[in-house]
Number of protein chains: 2
Amino acid sequence: MPAAPKTSAEDIVAAALKLLETRGLDAVNMQAVAVAAGIKGPSLYKRYATRDLLLDDVAREGLLDLEARMGPARTVAAKARAYRQFALERPQLYGLLYAAREEGGDLVARRGEVAKPIIEALGSLAAARLLTAWLHGFVSMELAGAFRLGGDTEKDFEWGLSRLLESSGDARG
Amino acid sequence: MPAAPKTSAEDIVAAALKLLETRGLDAVNMQAVAVAAGIKGPSLYKRYATRDLLLDDVAREGLLDLEARMGPARTVAAKARAYRQFALERPQLYGLLYAAREEGGDLVARRGEVAKPIIEALGSLAAARLLTAWLHGFVSMELAGAFRLGGDTEKDFEWGLSRLLESSGDARG
DNA sequence: ACCTGAACACCGTTCAAGT
DNA sequence: ACCTGAACACCGTTCAAGT
C-alpha cells in the first residue's frame with residue numbers, strides 16, 4: 001500500500017532552521033530535526049542521505065533569505081547594510097552559510113549568486129571582491145567577538161563602507 | 001609510586017596539528033591525538049578536560065606560528081602577504097583559528113594580538129579594522145572556493161591591498 | 001512509497017583500578 | 001601523579017520489517 005508522507009521538505013528545513021538559531025549547530029542532529037518535523041530519525045534518510053546534505057539545504061534556504069533581504073536595497077551601501085543586519089540577526093545561520101562542506105553540492109555557486117548584484121552595480125570584479133571580502137570578514141569578525149575591545153563597531157562599519165565605495169559611483173544609501 | 005609521563009604538552013599539540021593538516025578537523029579526535037602522542041584516549045583528559053580545550057591550545061599554537069610568520073615583515077603590505085600565505089599553506093589550521101569555541105578561553109584576545117602590529121603601523125583602529133576584515137574575508141573566501149570562477153585571485157589580492165593602503169603612509173613591500 | 005524499531009560504529013567523556 | 005581498560009551516552013547511519 002502506498003504510504004502518505006507525514007512531513008514535507010519545507011517542514012524539515014524549517015525545523016532545522018529553528019533548531020539552528022535557537023540551540024546552535026550541534027542541536028541540528030538527524031534525530032532532533034526528524035522529531036521536530038513529525039517523523040523519526042531514520043526516516044529522514046529517505047530524503048537526505050547524510051546530515052551534510054541536509055545542512056546544505058538549510059544553507060541554501062538561508063542564502064535565499066539573504067538574497068531576498070538584499071534584493072530591495074537599491075544602492076550597494078544599502079545592500080551591504082542589509083547583509084550585515086542579516087548576519088547579526090541570524091548568526092548561527094550566517095556561520096553555516098560559509099562553512100564549506102559537500103564537494104559535490106552547488107553551495108559555492110549559490111554563494112556566488114549573492115555577490116552578483118554587487119558585481120553588476122560596481123561594474124568591476126576586483127572592486128566587488130574587495131567589497132564582499134571586507135563585508136564577509138567584517139561581520140565574521142564581529143560575530144566572533146573580534147571587535148569586543150574598544151572602538152565603535154557601527155561607526156567603523158560605515159567608515160569602511162564609504163571608504164570602499166569612494167569613487168565607485170555608488171549613491172550613498 | 002609517582003608515574004613518569006609518557007608524553008608532553010608539546011608532543012600532544014604537535015600530534016594534533018599534524019592530524020589537523022593531514023586529515024582534517026574531524027580526524028583530531030581524543031583517541032587519535034592520544035595515540036599519536038604515545039598514550040591512550042582517556043589519559044588525554046588528565047591534561048585537557050574537553051576536546052574544545054585541546055583545540056583551543058592547537059589554535060593558540062597556530063596563532064603563535066602566524067605571528068612569527070608576520071613578525072619579520074616590515075611593511076603592512078608584507079605582513080598582509082605573509083598572513084595570506086600562512087592561510088593558503090595551512091588551510092585547516094586557519095579555519096580552526098577563527099572557529100569560535102570556548103567562552104572562557106582567551107582565544108579572542110590572542111586573535112587580537114595578530115592585529116596589533118597592523119593597528120600600530122596604520123595608526124588608526126578603524127583603518128586597521130578595514131584592512132584586517134578584508135584580509136580575513138579575502139582568504140576565507142579564497143579557501144572556501146568563492147573565487148573559483150574567473151578573475152585573477154593573485155591580482156585581485158594585490159589590487160585590494162594597494163587600494164586599502166592608499167594614503168595610509170605604508171611603504172610598498 | 002514512506003515510516004519505524006533495533007542495531008552498529010564511532011566518539012566524547014567518566015571512572016575504578018593499576019603503577 | 002599519570003596511565004589504562006571498561007563502560008556509558010549520544011549521534012550518524014543501516015537495515016529488515018511494517019503499512
Side-chain angles (χ1 to χ4, degrees), chain A residues 1-59 92 95-96 99-105 107, chain B residues 1-59 92 95-96 99-105 107:
Chain A
M1 201 185 309
K6 287 184 167 182
T7 185
S8 66
E10 293 77 33
D11 285 350
I12 291 169
V13 172
L17 274 168
K18 189 168 188 176
L19 278 167
L20 178 63
E21 277 311 337
T22 56
R23 301 180 43 217
L25 185 57
D26 286 350
V28 187
N29 61 57
M30 298 300 269
Q31 160 98 2
V33 171
V35 169
I39 56 179
K40 298 299 168 58
S43 302
L44 206 40
Y45 288 85
K46 281 289 157 184
R47 299 166 186 268
Y48 294 103
T50 69
R51 177 175 182 258
D52 277 348
L53 288 171
L54 167 61
L55 292 179
D56 277 352
D57 238 26
V58 174
Q92 299 280 347
L96 180 66
R101 277 176 314 283
E102 293 297 310
E103 272 300 319
L107 245 192
Chain B
M1 200 185 310
K6 287 185 167 182
T7 185
S8 67
E10 292 78 30
D11 284 351
I12 291 168
V13 172
L17 274 167
K18 189 168 187 176
L19 279 167
L20 178 64
E21 278 310 337
T22 56
R23 300 179 44 215
L25 185 56
D26 286 349
V28 187
N29 62 57
M30 297 300 268
Q31 161 97 0
V33 172
V35 169
I39 56 179
K40 298 297 168 58
S43 303
L44 206 41
Y45 288 84
K46 281 289 157 184
R47 299 165 185 268
Y48 294 103
T50 68
R51 177 175 182 258
D52 277 349
L53 288 171
L54 167 61
L55 292 179
D56 277 352
D57 239 26
V58 174
Q92 299 281 345
L96 181 65
R101 277 176 315 282
E102 293 298 308
E103 272 301 318
L107 246 193

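Only this structure's heavy atoms are used, side chains among them; waters, hydrogens and symmetry mates stay out. Order of the sequence lines fixes the chain letters, A, B, ..., with proteins taken first and strands second; residue numbering starts at 1 for each chain.
Contact check, B:S43 against D:dC2: no side-chain N or O comes under 4.0 Å of OP1 or OP2. Side-chain N/O atoms of B:K46 include none lying less than 4.0 angstrom from OP1 or OP2 on D:dT4. Put simply, B:K40 has a side-chain N or O that comes within less than 4.0 Å of OP1 or OP2 on D:dG5.
Regarding A:M30, its CE atom lies at a distance of 21 Å from the P atom of C:dA7, rounded to whole Å. Rounded to an integer number of Å, the gap from CG of B:L44 to C1' of D:dG5 is 16 Å. Separating the CD atom of B:Q31 from the P atom of D:dT4 is a distance of 11 Å, rounded to the nearest angstrom. For B:I39 and D:dT4, the CD1 to P distance is 7 Å, given to the nearest whole Å. Atom-to-atom, CG of A:D52 to P of D:dC11 comes out at 16 Å; the value is rounded to the nearest Å. When rounded to the nearest whole Å, the span between CG of B:D26 and P of D:dC11 equals 16 Å. The NZ atom of B:K6 sits 12 Å away from the C1' atom of C:dG18 (whole-angstrom rounding). The distance from atom OH of B:Y45 to atom P of C:dA17 is 21 Å, rounded to the nearest whole Å.
With values rounded to the nearest 0.5 angstrom, B:I39 atom CD1 is found 10.0 Å from B:D11 atom CG.
Closest to the side chain of B:R51, out of C:dG12, D:dT13, C:dC3, is C:dG12. In this structure, the nucleotide among D:dA6, D:dG12, C:dG12 sitting nearest to the side chain of A:N29 is D:dG12. In the set D:dC15, C:dT14, D:dC3, D:dC15 carries the atom at the smallest distance from any side-chain atom of A:P42.
The two residues A:M30 and A:Y45 make their nearest non-hydrogen contact at CG-OH, 3.5 Å. Between A:E21 and A:Q92 the shortest heavy-atom distance is OE2-N, 3.3 Å. Heavy atoms only, all atoms of each residue included: B:A15 and B:A36 are closest at CB-CB, 3.8 Å.
Judged by Watson-Crick or G-U wobble contacts below 3.5 Å, the nucleotide D:dC3 has no partner. Across all strands shown, D:dA9 remains unpaired; no Watson-Crick or G-U wobble contact has both distances below 3.5 Å.
Contact annotation for B:P5: backbone-only contact, meaning every heavy-atom pair under 4.0 Å involves sugar-phosphate atoms and none involves a base.
Between the side chain of A:R47 and the backbone N or O of A:L54 there is no donor-acceptor pair closer than 3.5 Å.
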